[in-house]
There are 2 protein chains.
Amino acid sequence: MSPLTGAGNDRPATLADVAALSGVATSTVSRALSNPGRVNVLTRERIERAARELNYVPNSQARALTSGRTRAIAVLVSDVTNPFYFGIIRGTQHQLKAAGYTQLLVDTEESDELEDGTLHKLRRSFDGAILAASRLTDRRLTALAKEIPLVAVNRQTRGVPSVFIDTPSAIEQAVGHLVSLGHRRIAYAAGPATSWPNEGRWRALVRAAEHYGVEAVRLGPFAPRQYAGAAAADAVLHSRVTACIAFNDLLAIGMLPRFRERGVRIPNDLSIVGCDDIFGADFCNPPLTTLTAPIEQAGRTAVAMLLSRLDGGPAPMARQAVTLPTHLTVRDSTGPAPRTAPTAPTTNGVPTA
Amino acid sequence: MSPLTGAGNDRPATLADVAALSGVATSTVSRALSNPGRVNVLTRERIERAARELNYVPNSQARALTSGRTRAIAVLVSDVTNPFYFGIIRGTQHQLKAAGYTQLLVDTEESDELEDGTLHKLRRSFDGAILAASRLTDRRLTALAKEIPLVAVNRQTRGVPSVFIDTPSAIEQAVGHLVSLGHRRIAYAAGPATSWPNEGRWRALVRAAEHYGVEAVRLGPFAPRQYAGAAAADAVLHSRVTACIAFNDLLAIGMLPRFRERGVRIPNDLSIVGCDDIFGADFCNPPLTTLTAPIEQAGRTAVAMLLSRLDGGPAPMARQAVTLPTHLTVRDSTGPAPRTAPTAPTTNGVPTA
DNA sequence: ATGAAAGCGCTAACAA
DNA sequence: TTGTTAGCGCTTTCAT
């Protein structure tokens, strides 16, 4: 018989059972189990023994009904398919479990309505939410933050606690790196218009380009998916640049085979920089130079902020906006600029798309 | 004002509010909303209108307390870090949402105790569970399946409904493929001893090797992680084989850079076959020949089985054990056998580890 | 077809 | 420090 199984009982033990066995009132048991300090040491021990004997497990639904707290946190991602979120999920999962919370994972499928709707439908099923990539408007998000304890990742909006992964700063480093390799014209393969970090990355590129006196050209938008890489690669080849910074690694990784098909060698003919440093960025071919984001840490930090807020009242010590540093990781997809920008060969054995 | 926000009310509407507004008893509202058939059409419409007006959202905790059903399904994975589970999670998430269920994601960290413990602690928080890679013993699992509606993935145990990804059959194909390329001695880089599919894969290799009259050698066990690839690669180089089938793609991908370091070319000097076809298997270097598993489908199927069980009583139409076919996907990590097996060079400029 | 009433298991005043 | 007593919001008999 497993120690975790009831002692052959039919129905799981309740507070009342524990109370009966230990000869106290249910309220005392409740206190002993949640506010151990506010109960006599001896009775508490007796109660704990009884609870163990009956293999008592609190019913979290019932607990939630009265206390209003579920000890569950909703984590909303815009696409479970995207490996970027796995870092986030890993971080949140770790931190939540440590704090005894359960994680409700929700995929909002890039839809703001689904995001808003789910948040409301599940409202009483969680104590707080982490929006890993909110597609909501600023207004809506601000309003929501007043109703629901939440922390947004990569989304800075007034009044909304957030964890910001500072990719823009790293973009400046990336541009410096490219400039030092002789690149003078750099493309940005943009992500979806609904993505908040997308604009910041482009602006950072523009700023850095101005600073270094080089050109920046914007391409896209492209879906933040591997399959969008082909279109992005073609666009790059038509833009007469010698280097490209992609909205994210997924897109960058998707571009690689397309360049190979078209006879464009990376990094000899063209340099590529990704963003995030997701799973796979280190072993794709060639390994990707990218802006390494502390993804997992972002998840952990978001949870820490949220929980401290839940425990410590509306606005505790915790800062309301945390910025996580990001750095350039140089691998093999960037190299010295070629004399001329590569173009799509029209007579290369490979037909142009 | 968002249609999803209450009309400026302070506290969310309850059944009683809806009842009051529509002039009926709470029980009638309850029926109208759950058993639409058992209520007068007119009153039902009135109730629905009232509910909409008050922006009523049922409190799932309260509902769970009486009905015993939470409309949540727990999905247990042994390691959220492993991309294999991405596919499972994607599949379950999709199917669960379609059915109006919430997904509770739990990482059991390869620990059977944590698995068992979590299952019990959360017992009243979900209606059923999907064990994506149970580390429990057969006895324990069987016992558990009697208490809790569950479906196991890649784990066949009597009395436990399961979805089995038939990688063993594909291993036979893989061996055939390797034999046709001239390989006569094939290694198996084993996964963890606690992994159920691990043994089946090895047995399939032994069987196929016998059938083709070639040798099979077993190496390991290795952690099913990228970092274990270095050790696995070294073991392969000491085993005098010309081909290796790895427990999973993660391990295979981890082996690749190690071979490169040691001057062993894939597939010229050595052929590698992975299992699962996870994210990354197609773009690593070289792209991996692997046994493509319908991972996402496995997740979807598991959910379908579980839900049909929950709705349709203890043992409905649904088969209790489903096998999903797997096939060999040949990419660039397998090729003709070299004349002699590669070994670890001791004087190659690269020091041996 | 509808209503009244009794809980589900727990927490949180309030008393003692 | 402990017990008594109301509920939390909902479902579900049992009546009507």
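The basis for the numbers below is simple: all heavy atoms, side chains too, and nothing from hydrogens, waters or symmetry mates. Order of the sequence lines sets the chain letters (A, B, ...), proteins ahead of strands, with each chain counted from 1.
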Subject >> Closest-nucleotide 5' rank along DNA chain C - winner of B:R46 and A:S60 >> reply: B:R46
**OP:** Could you pick out which residue, B:L65 or A:T26, lies toward the 5' side of DNA chain C when each is mapped onto its nearest nucleotide?
**Re:** B:L65
Measure from [atom1] on [X] to [atom2] on [N] and round the result to the nearest Å.
X: A:R69; N: C:dG9; atom1: CZ; atom2: P; value: 23 Å
X: B:R38; N: D:dT13; atom1: CZ; atom2: P; value: 9 Å
X: A:Y56; N: C:dG9; atom1: OH; atom2: P; value: 10 Å
X: A:N35; N: C:dC10; atom1: CG; atom2: C1'; value: 13 Å
X: B:L54; N: D:dC10; atom1: CG; atom2: P; value: 12 Å
X: A:R31; N: C:dA16; atom1: CZ; atom2: C1'; value: 12 Å
X: B:N59; N: C:dC10; atom1: CG; atom2: P; value: 17 Å
X: A:I47; N: C:dC10; atom1: CD1; atom2: P; value: 13 Å

Select one nucleotide: of [options], the one nearest the side-chain heavy atoms of [X].
X: B:R63; options: D:dC10, C:dT11, D:dG3; value: D:dC10
X: A:L15; options: C:dT2, D:dG9, C:dC10; value: C:dC10
X: A:T66; options: C:dT2, D:dG7, D:dG3; value: D:dG7
X: A:P58; options: C:dC10, D:dG9, D:dT11; value: C:dC10

Using a cut-off of strictly less than 4.0 Å, decide whether [X] has a side-chain nitrogen or oxygen near OP1 or OP2 of [N].
X: A:S67; N: C:dT11; result: no
X: A:S27; N: C:dT11; result: no
X: A:T28; N: D:dG3; result: yes
X: A:T43; N: D:dT1; result: no

Original post:
In terms of the angle between their ring planes, are A:F164 and A:W196 parallel, tilted or perpendicular, with boundaries placed at 30° and 60°?
Top reply: perpendicular
Original post:
Heavy atoms under 4.0 Å, any strand shown: does B:S30 hit a base, just sugar-phosphate, or nothing?
Top reply: base
**OP:** Would you indicate what B:R124 reaches in the nucleic acid, counting non-hydrogen atoms under 4.0 angstrom: base, sugar-phosphate, or nothing?
**Re:** nothing
Original post:
What distance separates B:R135 CZ from B:L76 CG, expressed to the nearest 0.5 Å?
Top reply: 12.0 Å
Original post:
Any side-chain donor-acceptor pair under 3.5 Å between B:R90 and A:T81?
Top reply: yes
Original post:
Yes or no on side-chain hydrogen bond (donor to acceptor under 3.5 Å, both in side chains) for B:Q61 and A:T70, after CA distance, side-chain angles and deciding distance?
Top reply: CA-CA 9 Å; B:Q61 322 303 128; A:T70 59; 5.9 Å; no
Original post:
Would a 4.5 Å heavy-atom cut-off, applied to side chains only, mark B:L150 and B:L131 as touching?
Top reply: yes
**OP:** Specify the residue among B:Q61 and A:V41 whose closest nucleotide of DNA chain D lies further upstream toward the 5′ end.
**Re:** A:V41
Subject >> Minimum heavy-atom distance B:R44-B:P36, with the two atoms named >> reply: NH1-O, 3.5 Å
